[in-house]
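Chain letters run A, B, ... following the sequence lines, proteins first, then strands; residues in each count from 1.
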Amino acid sequence: MAITSIRGFNDILPGTSGQWRWIEETAFSLFGLYGFSEIRIPVVEKTELFCRSIGETTDIVEKEMYTFPDRRGDSMTLRPEGTASVVRAYIERKLYTAPVSKLCYTGPMFRYERPQKGRYRQFYQIGAEVLGDPSPGVDAETLEMLMRYFAALGVEGVELKINSLGCAACRPAYKERLLGFLKNTEDRLCENCVRRIGTNPLRALDCKSPGCIEATVGAPEITDCLCGKCNTHFEEVKSALSLYGHDFIVDSRMVRGLDYYSRTTFEITSGALGSQNAVAAGGRYDSLVKELGGPDTPCFGFAIGMERLALVLGTDSFSPTELSVFIPMGAGTKEASVGIVRALRESGLPVAEDFSETSLKSRMKRADRLGARFVMILGADELAEESVTLKDMAAGTQDLVKWNGLESLLAERLTSR
RNA sequence: GUGGGCGUAGCUCAGUUGGUUAGAGCACCGGACUGUGACUCCGGGGGCCGGGGGUUCGAAUCCCCUCGUCCACCCCA
């Protein structure tokens, strides 16, 4: 039996990788316009980092991490997300000496989950974090950047949902109120929510089981219980978003699965995705840097799911550059071929040389299957004329073209379509 | 971790109540056409019927186990 890949770990094949590269390049160049720079972070970190940042009682830490001892016996973990590493680097490298840090990243993340549409064990994220600015303007501007990014890619039909989770001053009081409410309806809640009632009662609001939906009708809403500062912050985020012209829905029941969020949280969903419908999500995390041992640093960040974004975009949104095929045939053509092909490539034209020595018929067929728009043939006749036969595969026409000036002529014909 | 669907040629899939040597379309290779692809015609190569066990004279087909895959639950980007 041949060796296969690991379940949930995919190969991104040539048909897709060009689109992925375009998605990443578009992101980083646009984010650059907002002042972001790329940070490259390790794929493996000490397990403790994720336990402390994501939260001990979250599903990610409890049952989804790839954790293993290294050769010394220290506990290592394949990163399940990027924010923890960025914050760790921010503290360790003392980036807080700058007034504000805007960092973006991309790369694989790992979670041991059952694979399904838009969910894999190794998956890719593009993320961005603003560290060191408490302003509501940062929340809105970063969301504006995300929406502009989706527009630049041609993504359609996405929905922005926002919420505020409050802060250390107002969330505990809200939790108590909610807890009081849930205690009265506990018998109608699902098993899972009953279990979580002590650790994370907010999850019951997000639960899709019919019993929980029914039982939580009329539950106190977090957005009605925000403290003055959080309320002002939320109002300013909303009005700034309107200023940018972005539609949004306030969903006071949207709860994030990571413990570090505070105040603004959001989710961008697409109907094109099936049940894993979030293409991007994130929010504010004002206390995480301090909790990990750094200075008090308010932050805002998000992550985009690459596979999901590619799914939303579909396959026809990206067309690769057109390849030409060069066919030398017969004795004495090798020497001239080297120079011609090199000159074409130096002019930025993609060329594949056909080294096979079969019939011209089969070589033409191969060129066609490779998707060549133009084919150049160099045989004894052409060699004598210092020319190639240049065939337009789409039009079916061909003519004899001198080597001198071939690059510019081909470039011209490729663009004048 | 739970549930359901599906595993037959490179791809998409047929395969009768269990019965000779497992098929089709597309793709691939060659020829018709000795230097011209796509269309046409002719020919050809390709299969541990996901793997293991069982029932049977006989299994792609029935039973059990297992692995993979897809979708959903859960969870999340």
Side-chain angles (χ1 to χ4, degrees), chain A residues 1-2 4-10 54 58-65 79-83 106-128 146 190-193 195-196 200 203 206-210 212 254-258 266-270 273-283 301-312 325 327-330 333 354 356 358-383 388-398 400:
Chain A
M1 192 62 173
T4 58
S5 66
I6 304 169
R7 148 171 255 206
F9 287 64
N10 298 314
I54 298 167
T58 58
D59 280 32
I60 294 175
V61 171
E62 273 182 354
K63 51 196 186 192
E64 294 175 0
M65 295 204 305
R79 62 180 183 197
E81 57 113 35
T83 302
T106 183
M109 308 294 163
F110 305 86
R111 289 181 202 173
Y112 193 92
E113 298 182 273
R114 191 88 165 248
Q116 69 182 75
K117 187 175 187 176
R119 187 172 82 180
Y120 308 98
R121 291 184 173 178
Q122 174 174 328
F123 61 101
Y124 290 77
Q125 290 188 334
I126 299 173
L146 243 187
C190 75
E191 223 178 289
N192 234 320
C193 289
R195 185 177 57 79
R196 282 188 303 219
N200 197 348
R203 309 281 337 195
D206 211 24
C207 186
K208 283 163 211 145
S209 99
C212 296
M254 186 180 64
V255 178
R256 307 272 66 228
L258 290 77
F266 75 94
E267 201 169 279
I268 296 175
T269 57
S270 164
L273 279 177
S275 98
Q276 307 298 315
N277 65 352
V279 244
F302 67 80
I304 303 164
M306 278 281 280
E307 288 84 355
R308 293 181 190 181
L309 185 51
L311 269 174
V312 171
V325 170
I327 302 177
M329 46 190 305
T333 56
D354 183 334
S356 70
T358 54
S359 66
L360 180 58
K361 180 184 175 63
S362 69
R363 296 171 84 177
M364 289 299 289
K365 191 168 183 172
R366 282 161 56 132
D368 186 40
R369 292 225 65 227
L370 286 172
R373 168 120 152 87
F374 287 96
V375 173
M376 286 157 280
I377 303 163
L378 178 66
D381 299 351
E382 289 86 356
L383 193 61
V388 296
T389 295
L390 178 61
K391 177 159 187 172
D392 183 330
M393 298 294 271
T397 57
Q398 65 182 42
L400 202 62

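If you find the closest nucleotide of RNA chain B to Ser275(A) and to Gly282(A), the one lying nearer the 5' end belongs to Ser275(A). In terms of position along RNA chain B, the nucleotide closest to Phe9(A) lies nearer the 5' end than the nucleotide closest to the other residue of the pair Asn277(A) and Phe9(A).
Within 4.0 Å (heavy atoms only), Ser362(A) reaches sugar-phosphate atoms of the nucleic acid but no base atom. Counting any heavy atom pair closer than 4.0 Å across all strands shown, Arg114(A) reaches a base atom. Base engagement by Glu382(A) is indicated by at least one non-hydrogen atom pair under 4.0 Å involving a base atom. No engagement by Gly330(A) is indicated, since no non-hydrogen atom pair under 4.0 Å with the nucleic acid exists. Nucleic acid contact class of Leu258(A) (heavy atoms, under 4.0 Å, all strands): sugar-phosphate only. In this structure, Gly127(A) reaches neither bases nor backbone, as no heavy-atom distance under 4.0 Å exists between it and the strands shown. Residue contacts for Ala281(A): at a heavy-atom cut-off of 4.0 Å it reaches the sugar-phosphate backbone alone, with no base atom in range. Among the protein residues, Ala372(A) comes within range of no part of the nucleic acid, since none of its heavy atoms lies under 4.0 Å from any strand.
Across all strands shown, nothing is found opposite U55(B) as a Watson-Crick or G-U wobble partner with both distances under 3.5 Å. In this entry C39(B) has no Watson-Crick or G-U wobble partner, no candidate having both defining distances under 3.5 Å. Of all nucleotides present, none satisfies the Watson-Crick or G-U wobble test against C75(B) with each distance under 3.5 Å. Using N1 to N3 plus N6-O4 or O6-N4 for Watson-Crick, or N1-O2 and O6-N3 for G-U wobble, each under 3.5 Å, C49(B) pairs with nothing. If you check C26(B) for Watson-Crick or wobble pairing at under 3.5 angstrom, you find it paired to G10(B).
To the nearest angstrom, P of C76(B) lies 14 Å from CE of Met65(A). Counting to the nearest Å, the P atom of G31(B) and the NZ atom of Lys365(A) are 10 Å from each other. Distance Leu273(A) CG to A77(B) C1': 10 Å, rounded to the nearest Å. Rounded to whole Å, the distance from CE on Met393(A) to C1' on A38(B) is 8 Å. As rounded to whole Å, 15 Å separates atom C1' of G68(B) from atom OH of Tyr120(A). In this entry the distance linking CE of Met364(A) with P of G37(B) reads 7 Å, nearest Å. If you measure from atom CD of Glu64(A) to atom C1' of C73(B), you get 14 Å, rounded to the nearest angstrom. What separates CD of Glu113(A) from C1' of U69(B) is a distance of 17 Å, to the nearest Å.
With Arg373(A) contributing its side chain and Ala394(A) its backbone, the two residues share no donor-acceptor pair below 3.5 Å. Looking at Thr106(A), its side chain does come within 3.5 Å of a backbone N or O of Gln125(A) through a donor-acceptor pair. The main-chain N or O of Arg114(A) is never found under 3.5 Å from a side-chain atom of Arg7(A) such that the two would form a donor-acceptor pair.
For Arg7(A), counting side-chain heavy atoms from C-beta on, the closest listed nucleotide (U69(B), C76(B), G1(B)) is U69(B). Each of C75(B), G35(B), A32(B) was ranked by its minimum atom distance to the side chain of Ile377(A); first place goes to G35(B). Distances were taken from every side-chain heavy atom of Ser359(A) (C-beta onward) to each of G35(B), A77(B), G37(B); the shortest belongs to G35(B). The nucleotide whose nearest atom lies closest to any side-chain atom of Thr358(A) is, among C76(B), G30(B), G37(B), G30(B). Counting only heavy atoms from C-beta on, Gln116(A) has its side chain closest to C73(B) among C73(B), G30(B), C76(B). With G1(B), G35(B), A32(B) as the choices, the nucleotide that has an atom nearest any side-chain atom of Lys361(A) turns out to be A32(B). Side-chain atoms of Arg369(A) lie closest to A27(B) of the nucleotides A77(B), C33(B), A27(B).
With Ser275(A) as the partner, the side-chain hydrogen bond (donor to acceptor under 3.5 Å, both in side chains) test is satisfied by one option alone out of Lys117(A), Gln116(A), Arg119(A): Gln116(A). Looking at Arg111(A), Glu81(A), Glu113(A) one by one, the single match for side chain to side chain contact (heavy atoms under 4.5 Å, CB included) with Ile60(A) turns out to be Arg111(A). No option in Met393(A), Met376(A), Lys391(A) other than Lys391(A) meets the side chain to side chain contact (heavy atoms under 4.5 Å, CB included) test with Gln398(A).
With hydrogens and angles ignored, no donor-acceptor pair closer than 3.5 Å exists between the side chain of Arg256(A) and the base of C75(B). Judged by distance alone, with hydrogens and angles left aside, Arg203(A) brings no side-chain donor or acceptor close enough to the base of C75(B) to form a pair under 3.5 Å.
Rounded to whole Å, the separation between the P atoms of C64(B) and G18(B) comes to 16 Å. A gap of 24 Å separates the P atoms of G3(B) and U8(B), to the nearest Å. Comparing G43(B) with A24(B), their P atoms are spaced 12 Å from each other, to the whole Å. Annotation: G51(B) and G45(B) have their P atoms spaced 24 Å apart (nearest Å). Only the C1' atoms considered, A60(B) is 12 Å distant from G7(B), to the nearest whole Å. Here, C74(B) and A59(B) have their C1' atoms 39 Å apart, quoted to the whole Å. When the P atom is compared between U69(B) and A27(B), the two are found 29 Å apart, to the nearest whole Å. If you take atom C1' in C76(B) and the same atom in G1(B), they sit 16 Å apart, rounded to whole Å.
Phosphate contact (OP1/OP2 of U36(B), side-chain N/O of Lys391(A), threshold under 4.0 Å): absent.
When side chains are defined from C-beta on, Phe302(A) counts as touching Phe266(A), because their heavy atoms get closer than 4.5 Å. Taking 4.5 Å as the limit, some side-chain heavy atom of Ile54(A) sits within range of a side-chain heavy atom of Pro80(A).
Arg121(A) forms a cation-pi arrangement with Tyr112(A), by the criterion of a distance under 6.0 Å to the ring centre and an angle within 45° of the ring axis.
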